[in-house]
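Step one of this worksheet: look at the structure below.
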Amino acid sequence: MLLLISPDGVDEALDCAKAAEHLDIVDVKKPDEGSLGANYPWVIREIRAAVPADKPVSATVGDVPYKPGTVAQAALGAAVSGATYIKVGLYGCATPEQAVEVMRGVVRAVKDHRADAFVVASGYADAHRIGCVNPLSLPDIARRSGSDAAMLDTAIKDGTRLFDHVPPDVCAEFVRRAHDCGLLAALAGSVRSGDLGELARIQTDIVGVRGAVCEGGDRTTGRIRPHLVAAFRAEMDRHVREHAAAAAQS
Ligand SMILES: O=C[C@H](O)COP(=O)(O)O
């Protein structure tokens, strides 16, 4: 299971760099512009320069509208700025067809620039609250568009969490569908360390967090701290080991 951490800017990215051995992907976003709020190109560049070269930098393109051309151009901006993981929040897409159209544009824009870029189609666990595509449709949207991963996050950061909206068994179905399509499955949404057992059990590939590694568990007022990243990672690795041991016995 890979750990993706979302700093809100260069200062927090420097703290992520101090904990680099404990994380796998540094995810640039601007939380005050939304769940998958996009940050400035120069911030992506500065963060790319600040974190060790062997750690991929991801960038969110935003909680995007159904405007395929606009989104493709924004995604290219993130890639040109140094991100190799490009995450798109399909906020304004009401149907799978709209979402596939948006993601096809992103995949083409990004992979024409850099063939090894990794494109993540993200939906929302609380899609019912914003009227966008159903969480379980994401793996097929990602597959049809040529994306590399399907993801869920929460759109509204009001203290409700991934499992409040999509229970573990439905998340397990999400992961199964992604794997059946040959994609990675990424899950986020106010995930806490107490969720890691379930996330390991259902074979999540990437876990995305911010709040859980911020002071006081608060993604808005707290700041990411290296010791919290290390502790979260230790817990994650423990669950992965336990799951592997249990699977080997059965
Ligand atoms: O991509 C991951 C998100 O930033 C998750 O943030 P959160 O854990 O505060 O919900």
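Worth saying up front: this structure is predicted, and the values here are computed from it rather than measured.
Taking His165 as the reference, His128 meet the ring pair (Phe, Tyr, Trp, His ring centres under 6.0 Å) condition, with sequence neighbours excluded. Among residues two or more places apart in sequence or in another chain, the salt bridge (charged side-chain N to carboxylate O under 4.0 Å, His left out) test is passed with Lys30 by Asp32, Glu33.
Linking ILVMFWY side-chain heavy atoms closer than 4.5 Å, directly or via other members, places Val119 and Leu36 in two distinct hydrophobic clusters. Taking hydrophobic clusters as Ile, Leu, Val, Met, Phe, Trp and Tyr residues chained together by side-chain heavy-atom distances below 4.5 Å, Leu3 shares a cluster with Val191. Connection of Val26 to Leu187 is established within a shared hydrophobic cluster, with ILVMFWY side chains joined at heavy-atom distances below 4.5 Å, either directly or through further cluster members. Two different hydrophobic clusters hold Met151 and Met1 under the rule that ILVMFWY side chains link at heavy-atom gaps under 4.5 Å.
Salt bridge status for Asp237 with Arg241: absent, with no side-chain N to carboxylate O gap under 4.0 Å. Between Asp126 and Arg161 there is no salt bridge, since none of the side-chain N atoms of the basic residue sits less than 4.0 Å from a carboxylate O of the acidic one. For the pair Asp153 and Arg210, the salt-bridge criterion is not met [side-chain N within less than 4.0 Å of a carboxylate O]. By the 4.0 Å N-to-carboxylate-O rule, Arg223 lies too far from Glu215 to be salt-bridged with it. The pair Arg201-Glu198 meets the salt-bridge criterion, with a side-chain N (NZ, NE, NH1 or NH2) lying under 4.0 Å from an Asp/Glu carboxylate O. At a threshold of 4.0 Å, the pair Asp180-Arg177 does not count as salt-bridged, since none of the basic side-chain nitrogens sits closer than that to a carboxylate oxygen. Look at Lys29 and Glu12 and you find no salt bridge, because none of the NZ, NE, NH1 or NH2 atoms lies under 4.0 Å from a carboxylate O. Classification of Arg233 and Asp24 as a salt-bridged pair holds, one side-chain N sitting under 4.0 Å from a carboxylate O.
Shown here for Ala155 and Tyr91, the closest heavy-atom pair between the two residues is CB-CE1, 4.2 Å. For Pro135 against Ala127, the heavy-atom pair with the smallest separation is CD-CB, 4.0 Å. The two residues Pro7 and Ala13 come nearest to each other via the heavy atoms CB-N, 3.6 Å.
A donor-acceptor distance shorter than 3.5 angstrom exists from the side chain of Thr204 to the backbone of Leu199, with no hydrogens or angles considered. Panel note: side chain Thr95, backbone Gln98; a donor-acceptor pair is recorded below 3.5 Å. In this structure a side-chain-to-backbone donor-acceptor pair under 3.5 Å is missing from Thr221 to Asp218.
Side chains of Arg129 and Thr160: a donor-acceptor N/O pair is present below 3.5 angstrom, by distance only. Side chain to side chain, Asp63 and Tyr124 meet the donor-acceptor criterion of an N or O pair below 3.5 Å. For Asp140 and Ser137, the side-chain atoms include no donor-acceptor pair closer than 3.5 Å.
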Derivation and outcome, salt bridge (charged side-chain N to carboxylate O under 4.0 Å, His left out), residues Arg238 and Glu235: CA-CA 5 Å; Arg238 182 174 75 78; Glu235 194 60 6; 2.7 Å; yes

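When each of Val88, Leu76, Val106 is tested with Val61 by the rule side chain to side chain contact (heavy atoms under 4.5 Å, CB included), just one qualifies, namely Val88.
Of the inter-residue distances, the one linking Leu4 atom CG with Asp27 atom CG reads 4.5 Å to the nearest 0.5 angstrom.
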